[in-house]
Amino acid sequence: MSLESVRQFFAERAPEITIIELDKSTATVELAAKAHGVVPGQIAKTLSLKVKEQVILIVTGGDLRLDNRKLKETLGAKARMLTTDEVLNWTGHPPGGVCPFGLEYPLPVYCDISLKRFNEVLPAAGAIHSAVRISPDQMAALTDAQWVDVCQ
């Protein structure tokens with residue numbers, strides 16, 4: 001169902017974008033970069049966090065880590081990662097397939113400025129074997145994301 005919700009999202013908002021489905025898992029940055037022939041930074045990983053009582057998504061370059069100090073300064077409070085069950089419940093996507101598209105519930109999306117290093121990034125598309133090729137600016141526009149600087 002998760003992959004289907006992403007398909008529907010793109011059919012309605014950006015029909016020119018094709019979902020890439022591979023016969024092997026791309027659930028980690030390393031697997032995805034190798035499978036798609038790109039550098040790890042181009043894999044746009046989507047992190048599911050809870051800040052106070054609000055669930056948010058942060059999309060970052062696959063080669064970077066969140067900077068807790070920057071994150072707290074930007075969001076005004078400490079953040080914690082969601083559990084596997086919480087991720088599936090809030091996003092509708094399984095871990096490894098989480099993306100800012102076709103979400104179960106509308107969630108605030110933040111894109112780290114590290115993504116702007118690339119003309120094209122590859123976020124997952126709702127399943128551990130799917131992705132899309134998209135410009136960082138188009139991804140942010142389609143998801144109403146806010147640009148932030150929260151990585152090391």
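Hydrogens, waters and symmetry mates are skipped; everything else that's a heavy atom, side chains included, is used.
- No donor-acceptor contact under 3.5 angstrom links the side chains of Q8 and E4, judged on distance only.
- Taking a 4.5 Å side-chain heavy-atom cut-off between Ile, Leu, Val, Met, Phe, Trp and Tyr, the cluster of L31 contains only that residue.
- Classification of E21 and R7 as a salt-bridged pair holds, one side-chain N sitting under 4.0 Å from a carboxylate O.
- Looking only at side-chain heavy atoms (C-beta outward), I128 and T26 stay at 4.5 Å or farther from each other.
- Using a 4.5 Å heavy-atom threshold, the side chains of V98 and V87 count as touching.
- Residue M139 is grouped with residue V39 when hydrophobic side chains (ILVMFWY) are merged at heavy-atom distances under 4.5 angstrom, including chains of intermediate members.
- Legend: side chain to side chain donor-acceptor pair (under 3.5 Å) pairs involving residues 31-40, not counting sequence neighbours: none detected.
- Closest approach of G126 to C99, counting heavy atoms only: N-SG, 3.6 Å.
- Across S5 and G102, no two heavy atoms sit closer than the pair OG-O, 2.8 Å.
- Expressed to the nearest 0.5 Å, how far CD of Q42 lies from CD of E120 amounts to 7.0 Å.
- Looking at S130, its side chain does come within 3.5 Å of a backbone N or O of A125 through a donor-acceptor pair.
- In this view, R13 satisfies the side chain to side chain donor-acceptor pair (under 3.5 Å) rule with no residue, not counting sequence neighbours.
- P123 places a side-chain heavy atom less than 4.5 Å from the side chain of V132.
- Membership of the apolar cluster around L49 extends to L47, V51, I56, I58, L66, L71, L75, M81, Y110, V148, V150, as traced through chained side-chain contacts below 4.5 Å between ILVMFWY residues.
- A side-chain N or O of Q138 and one of E16 form a donor-acceptor pair less than 3.5 Å apart.
- F9 and L122 fall into different hydrophobic clusters, where Ile, Leu, Val, Met, Phe, Trp and Tyr residues are linked whenever their side-chain heavy atoms come under 4.5 Å apart, directly or through other members.
- Under the 4.5 Å side-chain criterion, counting only non-hydrogen atoms from C-beta, D137 is in contact with W147.
- Residue pairs meeting the ring-ring contact (aromatic ring centres under 6.0 Å, His included) criterion with at least one partner in residues 42-71, sequence neighbours excluded, do not occur; the list is empty.
- The backbone N or O of L88 sits nowhere less than 3.5 Å from a side-chain atom of E104 that would complete a donor-acceptor pair.
- Expressed to the nearest 0.5 Å, how far CG of D112 lies from CG of D67 amounts to 10.0 Å.
- Side-chain contact between V59 and L115: present, with at least one pair of heavy atoms (C-beta onward) separated by less than 4.5 Å.
- Every residue two or more places apart in sequence or in another chain was checked for a salt bridge (charged side-chain N to carboxylate O under 4.0 Å, His left out) with E30, and none qualifies.
- Every residue was checked against the side chain to side chain donor-acceptor pair (under 3.5 Å) condition with R65, not counting sequence neighbours, and none meets it.
- A pairwise comparison of heavy atoms in A124 and A127 identifies CB-O, 4.4 Å as the closest pair.
- Here T28 pairs with nothing under the side chain to side chain donor-acceptor pair (under 3.5 Å) rule; sequence neighbours left out.
- Under the side chain to side chain donor-acceptor pair (under 3.5 Å) criterion, the residue pairs touching residues 71-94 are S2-H93, R69-E73, R80-E86, T83-E86, with sequence neighbours excluded.
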side-chain contact (heavy atoms from CB on, under 4.5 Å), that's the test. Do V121 and I43 meet it? Break it down for me.
CA-CA 6 Å; V121 295; I43 302 303; over 6 Å; no
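- Applying the side chain to side chain donor-acceptor pair (under 3.5 Å) test to pairs two or more places apart or on separate chains, none has a residue in residues 45-57.
- Not counting sequence neighbours, the partners of K70 by the side chain to side chain donor-acceptor pair (under 3.5 Å) test are D149.
- In this view, R117 and D63 satisfy the salt bridge (charged side-chain N to carboxylate O under 4.0 Å, His left out) rule, not counting sequence neighbours.
- To the nearest 0.5 Å, atoms CD1 (I17) and OG (S135) are separated by 7.5 Å.
- With contacts defined as side-chain heavy-atom distances shorter than 4.5 Å, the pair F10/L142 qualifies.
- Between atom CG of residue L103 and atom CG of residue L57 there is a gap of 5.5 Å, rounded to the nearest 0.5 Å.
- Side-chain heavy atoms closer than 4.5 Å link hydrophobic residues (I, L, V, M, F, W, Y) into clusters, and following such links, even through other members, never connects I20 to V6.
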